[in-house]
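What follows is a set of notes on a single structure, which appears directly below.
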Amino acid sequence: MDVTNLESVRDDDFIHAVMEESGQDLTHCYQCGNCTAGCPCGFAYDIQVSQIMRNLQAGRKDKVLNSRSIWLCLSCSSCTTRCPNNIDVARVMDVLRHIARREGRVAEKGVTTFWDAFLASVRRHGRVYELGVVANYVARTGRVWTDIDLLPRIAPKGKLSPMPHGIKGRDEIARIFQRYEEERTR
Amino acid sequence: MPVLKGKELRVVGFLCNWCSYGGADTAGVGRFSQPTDLRIIRVPCSGRVDPMFVVKALLGGADGVLVSGCHPRDCHYSQGNFYARRRLETLKTFLPALGIDPDRFQYTWVSASEGQRWKNVVSSFVEKVHQLGHAPRIEEAAPYLPLAEKGDTPRAPLRPPLRPLSYPAAGTLAASLEQLREKIRAALPELDCVIGWQQGFDALHATPLFMRKPEDVDKLTWGPLNVHNLATYLPQFKNRKVGVVVKGCDSRSVIELLQEKLVEPDNVRVFGMACEGVVDMTRVQKTLDAGNADGAMCADTAPSSVGVEGDNLSIEGEAPARLRLADVVAEKCRTCDTPVPLLGDVVEGNASAPAGPAPDAPPSPPSLDALDSMTPEQRRGFWRAQMDRCLRCYACRNACPMCVCRDHCIAESRDPHWTTQEGNIREKLQFQVIHALHLAGRCTECGECQRACPVNIPVLALKQWMNRSVRTLFDYRAGVDVNAVPPLLAFAVEEKNIKEHGL
Amino acid sequence: MRIGVFVCHCGSNIGGTVDVPGVAEVARAYPDVVFSSDTMYACSEPGQAAIVDAIKEHALDGVVVASCTPRMHEPTFRRTVERAGLNRYMFEMANIREHVSWIGKDREANSNKAAELVRMAVEKLRLNAPLYPKSFDVTKRVLVIGGGVAGIQAALDCADGGIEVVLVERESTIGGKMAKLDKTFPTVDCSSCILGPKMVDVSQHPNIRLYAHAEVEKISGYVGNFKVDVRRKATYVDWELCTGCGLCMEKCPSKKSPDAFNEHVGVTTSINIPFPQAIPKKAIIDPTSCRQFVKGKCGVCAKVCPTGAIRYDMEDQVVTEDVGAIITATGYDLFDYTKYAEYGGGRYPDVITSLQYERLLSASGPTGGHVKRPSDGKEPKTVVFIQCVGSRDRSVDRPYCSGFCCMYTAKQAVLTKDHIPDSRSYVFYMDIRANGKMYEEFTRRAMEEYGVQYVRGRVSMIVPQGDTYLVRGVDTLLGEQVEVPADLVVLAVGAESSHGAPQLAEKLRISYDNYGFFMESHCKLRPVETNTAGVYLAGACQGPKDIPSSVGQGSAAAAKVLGLFSRGRLESDPQISQVDVRRCVGCGKCITTCPYGAIEWMELRGEMKARVIETVCQGCGICTVTCPQGAIQLQHFTDNQILAEVNALCLS
Amino acid sequence: MNLAYYPGCSGLGTSREYERSTRAACAALGVKLTDIPDWSCCGSTPAHALEHALSGALSARNLVGAARAGCDTVATPCPSCLSNLKTARHRMADDGFRAKVGRLLDQPADALAALPDVQSVLETLVTRVGLDAIRAKVRQPLAGLRVAPYYGCIMTRPADVMRFDDPENPTSMDDLLTALGAEVVPFPYKVECCGASYGVTRRDIVARLSGRLLGAARDAGAHAVVVACPLCQMNLDLRQTQVEWPGGKAVDMPVFYFTQLLGRALGVPDAELGLEQLCVDPAIAFRRAAQVVAARQAEEAAQAAKAAAQAAAKAAQAKQAAAANEGGRA
Amino acid sequence: MMSFARYIARGELARALDDMARGRVTYAPRREGDAVVFRPRAEGEEPLLARATVPPKGVIFPQSERLFAFIREKDPNDPGRTTVRLDSTVDIKPALIFGGRPCDARGFHIFDRVYLNGPHRDPYYAARREATVVVTLACTKAGSTCFCHWTGCGPADTTGSDILLTPVGSGNDGGFVAVAVTERGAAVLEQANLPEADAARADAAQAVHAATRAALGAQSPAPDLSATPTRLLERFGDNDFWRDMSDKCLSCGACTYLCPTCYCFNITDENDGGDGMRGRRLRSWDNCMSSLFTREASGHNPRMGKALRLRNRVGHKFSYYPQLHEGVVSCNGCGRCITGCPVSVDIREMVVRATEANEETPNA
């Protein structure tokens with residue numbers, strides 16, 4: 001492993017951006033590790049959440065934004081609840097995803113594809129159309145066997161709507177997304 | 001030596017010796033660079049900082065004033081900063097009434113170890129003051145006299161809920177009055193005197209009556225001309241037994257005096273009667289003048305009798321007139337919620353004395369509304385124009401039932417020497433600020449200050465502003481509870497309604 | 001007036017960024033200034049001599065020194081002017097170092113500011129008046145509040161110094177937290193073996209009057225002359241007669257009384273002597289569980305007591321003591337760990353506090369010194385210690401480090417191995433704070449000799465799993481989530497201020513911090529004094545402390561009291577308030593707001609007026625602002641003096 | 001106080017039975033639910049993971065709708081919707097955020113300053129109706145039913161936004177179920193995450209986390225898990241066949257919505273509660289409960305018999321003694 | 001000196017005033033809020049004819065004036081040696097007071113007797129008085145508190161005035177008959193280039209004077225006050241009388257500061273800020289109702305209590321002053337002290353009662 005030059009890996013603008021957007025003071029973290037200790041998804045992470053925090057303190061933008069962990073965070077708020085320094089860690093993770101998306105870095109493409117499919121459905125109908133989301137996801141990822149095993153379990157229950165539930169204000173929702181995209185490109 | 005032109009503004013700091021002065025020292029020892037504008041006055045405790053020092057500085061040309069003490073609970077004198085917090089917050093809410101930007105005054109807490117914090121406090125405050133720039137001087141404000149050409153001080157229309165105007169029939173009133181006289185006659189032998197009202201120099205004016213002999217009691221009158229708050233006379237009867245006749249509002253002043261132990265409960269007998277409201281003589285006069293085509297060549301007329309007829313004040317004599325009560329009744333009566341005296345030997349009188357608006361929804365007095373509607377610049381201009389004609393006769397003070405210092409008022413003393421005899425706006429306004437600050441949490445808004453003013457300066461608005469501050473900050477209303485402790489003589493470790501000011 | 005101004009270079013400290021001679025020159029034009037000069041070091045011997053000479057030569061009657069902060073050298077220069085025959089209050093300082101030269105580099109702005117500060121000082125000095133202190137007698141007795149190790153030490157040192165001590169203890173025995181400890185770090189010697197003899201000394205010392213099971217109710221007066229009301233709470237046993245034989249405890253049929261001394265590990269009898277070495281060794285009845293009180297019939301203890309000491313009808317009693325000084329040694333309490341729901345919030349019987357564990361380890365404890373799990377009495381083989389429970393945790397408003405938990409945890413881990421040789425201990429820690437003599441060595445021994453497993457990281461959650469507990473945490477050094485199945489979990493709970501501390505502080509008129517710990521006068525230089533003259537601090541009431549520090553402070557506070565009492569009479573500071581009776585209208589507002597009760601009513605020609613009790617007034621000036629007439633003025637900080645400073649700045 | 005109702009999208013699909021049982025139970029308790037007119041999706045995790053203002057805008061549209069309908073409180077059964085709506089309202093206190101959200105909406109931002117309060121249906125039932133009132137209306141107590149209450153991770157967290165119950169150890173659903181006559185088993189994972197929406201994309205995560213929950217319920221002796229979240233229910237019920245069971249020992253663990261059990265206890269017909277739409281057969285739980293009741297009754301009967309026998313023996317003894325006495329006298 | 005009379009048509013008044021006031025600052029009544037006060041008048045400004053709330057005495061005897069500045073100067077070689085330099089330059093501009101009433105103008109006469117023609121001529125007063133032309137408006141109505149006819153004054157009294165204007169006619173036909181009272185008045189009036197008032201108008205003016213006088217008499221017949229000075233002296237020790245009179249007095253200064261004849265003043269020194277070496281001596285109105293009035297350095301005041309202070313005010317106006325000034329009463333009966341008093345203390349009542357029944361006076 002290479003020696004890390006703390007000066008050269010440090011990106012102060014990045015630190016500032018994370019603090020600004022999340023409203024959290026990263027300097028409050030003293031690395032007790034409680035966020036990692038309680039993280040239900042830690043087993044799947046490539047970088048533990050307390051180490052994400054440490055890397056943020058060091059301003060290591062690439063390391064953080066290229067990690068898979070930020071996409072796997074379940075937003076369950078265990079870390080936030082147990083942080084002895086009152087840092088909303090889950091919100092920091094959210095903000096890291098925002099920045100990564102803006103910069104086009106996504107280490108877990110499947111996750112964002114599913115999210116995008118979800119939002120596309122919302123944009124189109126105003127409400128989520130579950131079957132549509134899964135279909136869209138399958139189409140985009142080519143994972144045709146996704147949850148095929150569950151079909152016989154759920155099909156007879158009559159819960160899956162064959163048709164989307166469109167709402168009157170569909171256009172209004174679409175405009176929200178449109179303005180969001182305009183703001184983003186500005 | 002003046003402030004450095006173009007570089008510095010005049011910023012005065014009052015720092016407690018134990019914490020904040022030490023904090024400033026610590027900042028110095030740590031070589032934390034700071035703006036050079038601030039001049040520090042060392043005081044033992046933030047509790048020693050009289051809000052008037054701040055006013056004196058701000059009226060005298062300071063661009064900013066900063067007070068800093070120990071953190072709450074950390075006071076060297078254990079409670080000084082708690083008192084300071086109440087006093088200074090009260091001041092901060094009051095400054096806008098004068099058209100002074102409250103951001104020019106700030107108070108905060110810095111401990112002796114917080115050098116870094118002190119640097120931040122000074123830097124951010126001085127930066128704020130620089131953003132605001134030189135403080136505009138009240139005496140240089142463009143005079144602002146809204147409606148001046150109509151000879152009117154700004155009066156927004158009264159806002160509901162209003163007390164309806166309904167006076168008892170003459171017969172009922174006479175019976176009640178006789179009942180009241182009886183009570184007084186019975187008590188008179190044990191008393192030095194009983195203070196009431198009688199007809200004054202003409203039928204339109206009542207004047208205080210000092211009843212010593214039974215026959216004096218016959219002169220006692222009751223009606224809408226009994227404008228005076230006779231509680232004002234009580235403190236001078238210290239150690240003597242005296243009686244006083246009160247309206248509902250006057251009774252609140254008696255309560256306040258009892259609370260402050262300026263009147264002994266054993267020495268005062270209170271007689272009261274349910275009140276239907278009194279007139280505002282200025283309005284009466286103005287309404288009469290309005291009918292005078294000659295531009296009010298002479299202001300006074302001499303009526304032969306005055307009475308209430310239905311909704312009107314009827315004036316008989318050479319120039320008879322019918323004035324709509326709604327036009328001439330005092331503002332305070334329309335918004336009154338205590339028509340029946342709160343203590344004493346009360347004749348219910350007109351049992352139908354209408355209740356006023358609910359106490360939990362205090363109406364906003366119109367003159368306060370008017371002040372609210374002005375911009376800070378207009379307020380400066382307003383007070384400049386109003387105070388210009390102040391004669392410094394101190395009728396406002398001497399008529400005030402709560403101005404108990406009287407002969408020892410700091411407005412005229414040399415030690416302490418708060419004001420000079422200079423006839424300028426600043427000195428005149430300064431007294432009004434002293435009056436308002438000294439009344440904080442004590443004023444019952446009886447309006448005597450304004451009524452007494454021979455040149456009709458609307459000084460009551462300042463007290464109304466202050467009362468609103470006190471109500472908002474401390475949920476307190478003066479003159480309803482003899483046993484209450486006025487908010488500025490007390491504190492709470494955690495203040496419910498005072499937020500820390502971010503510095 | 002004839003004023004002399006001395007502007008100090010302080011070497012280059014001031015001279016570096018302020019035109020010192022220029023300021024002295026400008027000052028020469030100020031009103032009443034008849035002499036002005038610069039000086040290299042005003043506080044040096046030659047600097048002071050120059051001031052004395054100038055006073056004599058120019059017949060000065062007031063002096064301004066512009067140099068460092070008055071908090072540093074005001075006393076120095078006051079003595080200087082006094083040597084030259086002036087009253088010490090005819091002196092003012094302008095702080096042109098900390099407030100000018102050290103905080104900015106703009107020479108022009110600095111010089112201008114320095115000159116203005118000098119001018120403010122001159123304007124104030126012109127209104128200064130000579131002030132003279134008053135002297136008064138001292139009651140040479142001391143009140144010690146709290147009979148923990150700090151209070152015991154303070155009491156013994158004072159008593160040995162020959163002064164009478166009144167020691168008030170809230171519980172029925174002295175000894176405090178230390179009496180509950182099994183062993184002490186880093187020597188692992190027996191706590192009761194070292195504390196016990198001191199407790200006995202207290203009971204036998206002729207100069208000590210001990211009120212156990214008593215509380216301070218009211219304090220009035222001032223340094224040298226305090227009056228203290230002590231409430232002696234009912235014990236229902238006449239301690240004059242009780243011999244501490246313990247027969248009542250043996251026979252008491254109600255055996256479910258909460259055992260506070262043993263930290264509620266188990267229960268005890270309703271009539272009880274908390275532990276064998278208790279001082280005073282007297283029985284006390286818990287009326288909340290005693291059958292006689294609860295059911296109205298029993299009377300067993302009264303029947304068996306050989307001396308007939310039981311008094312079911314006993315009531316609280318208030319006694320008044322006169323003392324000249326007060327030492328507070330009220331100690332600390334432990335953080336309530338039930339706030340941590342993720343650690344079970346009190347629902348898991350085998351998750352206990354460190355002090356409970358201490359009782360399990362102690363031979364005089366409920367298990368006789370055998371470590372057993374509260375749930376099933378089994379001996380634990382895997383013990384997990386979790387540090388910083390209620391310390392260094394902003395989320396529960398305890399951001400501070402309690403200081404001693406690292407060390408006692410190491411000690412308990414070591415003792416665990418001693419008690420159960422085939423056990424293994426884990427310690428979850430964030431940082432090891434072992435900055436005392438032999439402390440670091442001790443924690444190293446725990447790891448190296450006793451095999452204690454230190455895991456750097458916090459524990460997120462404790463999950464019951466069968467009859468064990470899965471401790472889920474992190475090892476941040478490994479960078480991994482970890483878990484340990486534990487038989488017993490010991491929480492190193494932090495220290496917090498003793499319950500009731502703020503209320504006591506208010507009675508004493510001393511300050512306390514956000515967490516209820518009492519404030520010392522100066523964090524470094526006056527660590528056992530408070531800002532109320534005659535009130536001193538010892539031990540953990542001022543902040544978390546270990547035993548050596550507490551004992552050291554106990555002795556230090558005693559030394560302060562002995563020093564105070566070594567003077568026959570005390571002098572009061574003349575910077576106090578004074579009433580102008582001609583202006584006073586007798587409204588009493590000053591009496592209401594005075595935090596010290598230093599203003600009283602006085603009758604003057606039939607009128608009530610306010611009067612300042614000179615020895616009680618502390619000079620805060622709250623009254624001066626309260627008084628609408630300005631009739632009560634704080635000397636040396638009068639309205640006119642402060643106005644002179646304001647006017648110097650703001651009138652032009 | 002007027003209560004607006006926000007059903008959430010899944011109520012139209014995979015959590016139909018939650019939606020049905022919520023309406024049925026509320027009706028039985030006299031809680032009137034007024035749907036927010038033309039409500040739209042809150043954006044759920046995909047929105048807040050993309051951008052907070054977007055998420056805020058999607059939520060705010062619904063809250064503004066509720067306010068326009070004259071409602072001061074919004075209740076929703078779904079914790080994810082709850083979290084989004086509450087978070088949006090919470091952040092709206094910040095001027096900058098409000099302005100940003102305002103720019104995304106059709107309507108100007110002034111309505112955003114005072115949005116209605118948001119609460120879960122669970123909170124509504126526990127605080128507004130109250131446990132006492134519910135207890136009084138129970139017609140069919142859930143006797144013998146041992147349940148593991150699972151709240152999900154975001155119903156109570158983060159505490160300063162959600163402001164409901166204890167963030168680590170909530171008890172409101174425990175109390176509710178107890179009031180219905182069920183027996184709540186100690187369940188340490190009340191707020192531990194089930195894997196959320198990662199079932200589709202990262203089945204491994206859900207398999208592990210949901211497996212741990214089901215395993216703990218199994219080990220605690222629960223007959224069923226009770227949930228308040230559509231996603232949790234789906235992970236635990238529908239995906240029960242996918243999970244990794246700790247120790248490898250799979251069981252059939254029914255997973256109820258709390259509203260279903262509430263409805264059942266209140267005497268609402270099963271058909272209105274959508275019990276048939278659960279994947280794991282709910283009858284399993286009820287059967288086990290019935291066994292418990294039966295066993296208990298048997299034990300009680302045995303005890304009673306024993307006590308009766310003892311009493312009889314004692315009486316006989318006394319009789320004998322009395323007889324002896326009498327004999328003696330005679 | 002009724003040498004000639006001029007006529008000013010109503011519409012011409014502003015123009016005429018501009019001309020008369022050429023080179024002078026004009027002070028005329030102006031409404032400010034609910035009061036009427038004398039304020040500098042702009043050219044062309046239509047003057048208000050209402051009677052002012054406050055008399056114009058402050059124009060000549062300011063509420064507060066700087067008598068001189070004092071400047072301390074240090075010896076550059078020895079800062080211990082300080083000399084004090086005085087600067088008593090006063091900037092006094094020619095002025096004209098328009099719109100005062102006869103009672104206001106007569107006030108200046110009361111002042112003149114003390115500050116101009118008394119043993120000590122007051123230079124500040126004298127300079128302002130001499131620079132100021134007084135143009136007075138005769139009264140057409142009797143106010144309820146007017147009693148000028150008791151005091152030797154009257155609705156058309158010219159004492160103290162330079163010009164007297166009497167309103168005649170009404171509406172658009174109305175105007176003013178202007179009569180110069182003094183030489184200076186005549187000169188000023190000439191500046192306005194006005195037509196002579198014809199006999200009819202002069203008669204009309206006389207009729208206005210007579211009617212107002214009659215109205216006043218009808219309202220309150222003037223009592224005989226010739227014995228008042230001695231009666232008041234006899235009342236000097238009648239404490240009960242003065243207590244009864246002063247019971248309701250609040251001890252404020254409204255009466256004195258509204259009085260056109262009250263001339264007492266107070267002197268104070270004030271430091272300037274700045275370098276701290278300058279200051280000024282101020283003269284400001286004083287008020288005998290105040291406890292500070294004649295308070296001695298010890299704190300003792302020979303006039304203890306408001307009764308003795310009120311006694312001084314009444315006594316001064318109706319007894320002590322007339323005894324020093326040929327019987328001239330230093331009250332013009334303007335009644336402002338009555339209307340302006342917050343509690344309607346009535347000086348008429350006091351004078352009448354003191355004059356009437358003093359048989360029982362113990363110290364008589």
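Reminder, nothing fancy here: chain letters follow the sequence lines and each chain counts from 1.
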Rounded to the nearest 0.5 Å, what's the gap from [atom1] on [X] to [atom2] on [Y]? Could you check?
{"X": "Gln242(D)", "Y": "Asp149(A)", "atom1": "CD", "atom2": "CG", "value": "4.5 Å"}
{"X": "Tyr180(A)", "Y": "Glu51(D)", "atom1": "OH", "atom2": "CD", "value": "5.5 Å"}
{"X": "Ile167(A)", "Y": "Trp39(D)", "atom1": "CD1", "atom2": "CH2", "value": "8.5 Å"}
{"X": "Thr80(A)", "Y": "Ile154(D)", "atom1": "OG1", "atom2": "CD1", "value": "12.0 Å"}
{"X": "Thr241(D)", "Y": "Leu150(A)", "atom1": "OG1", "atom2": "CG", "value": "5.5 Å"}
{"X": "Ile176(A)", "Y": "Leu58(D)", "atom1": "CD1", "atom2": "CG", "value": "5.0 Å"}

What option among [options] has the most heavy-atom pairs under 4.5 Å with chain D?
{"options": "Ile154(A), Thr146(A), Leu119(A)", "value": "Leu119(A)"}
{"options": "Ile70(A), Ile173(A), Asp88(A), Thr141(A)", "value": "Ile173(A)"}
{"options": "His125(A), Arg101(A), Lys168(A)", "value": "Lys168(A)"}
{"options": "Val111(A), Asn86(A), Asp147(A), Thr113(A)", "value": "Asp147(A)"}

Going by distance alone, is a donor N or O of one side chain under 3.5 Å from an acceptor N or O of the other, for [X] and [Y]?
{"X": "Arg16(D)", "Y": "Ser161(A)", "value": "yes"}
{"X": "Arg157(D)", "Y": "Ser78(A)", "value": "yes"}
{"X": "Thr14(D)", "Y": "Glu130(A)", "value": "yes"}

I need the minimum non-hydrogen distance between [X] and [Y], along with the two atoms involved.
{"X": "His48(D)", "Y": "Arg97(A)", "result": "CE1-NH2, 4.3 Å"}
{"X": "Gly169(A)", "Y": "Asp38(D)", "result": "N-OD2, 2.6 Å"}
{"X": "Ala49(D)", "Y": "Asp94(A)", "result": "CA-OD1, 3.6 Å"}
{"X": "Pro40(A)", "Y": "Leu209(D)", "result": "O-CD2, 3.2 Å"}

Below 4.5 Å, heavy atoms only, C-beta onward: do [X] and [Y] meet side chain to side chain?
{"X": "Thr81(A)", "Y": "Thr156(D)", "value": "no"}
{"X": "Tyr129(A)", "Y": "Leu12(D)", "value": "no"}
{"X": "Thr45(D)", "Y": "Leu74(A)", "value": "no"}
{"X": "His52(D)", "Y": "Arg91(A)", "value": "yes"}
{"X": "Phe177(A)", "Y": "Leu104(D)", "value": "no"}
{"X": "Cys41(D)", "Y": "Phe118(A)", "value": "yes"}
{"X": "Arg239(D)", "Y": "Arg153(A)", "value": "no"}
{"X": "Trp115(A)", "Y": "Thr201(D)", "value": "no"}

For chain A, which candidate among [options] shows the most heavy-atom pairs at distances under 4.5 Å?
{"options": "Pro158(D), Gly274(D), Gly152(D)", "answer": "Pro158(D)"}
{"options": "Asp237(D), Leu278(D), Leu238(D)", "answer": "Leu238(D)"}
{"options": "Met234(D), Glu276(D), Arg208(D)", "answer": "Arg208(D)"}

Give a yes or no on whether a salt bridge exists between [X] and [Y], defined as a side-chain N under 4.0 angstrom from a carboxylate O.
{"X": "Glu17(D)", "Y": "Lys157(A)", "result": "no"}
{"X": "Glu168(D)", "Y": "Arg82(A)", "result": "yes"}
{"X": "Asp106(D)", "Y": "Arg179(A)", "result": "yes"}
{"X": "Arg202(D)", "Y": "Glu108(A)", "result": "yes"}

Please flag which part of [X] lies under 4.5 Å from any non-hydrogen atom of chain D: side chain, backbone, both or neither.
{"X": "Arg143(A)", "value": "side chain"}
{"X": "Glu172(A)", "value": "both"}
{"X": "His98(A)", "value": "both"}

A quick test of your reading: do over 12 heavy atoms of other residues, nucleotides or ligands sit less than 6.0 Å from [atom1] of [X]?
{"X": "Glu103(A)", "atom1": "CD", "result": "yes"}
{"X": "Lys159(A)", "atom1": "NZ", "result": "yes"}
{"X": "Arg124(A)", "atom1": "CZ", "result": "no"}

- Task: Name the region of Arg20(D), side chain, backbone, both or neither, that has any atom closer than 4.5 Å to a heavy atom of chain A.
- Result: neither
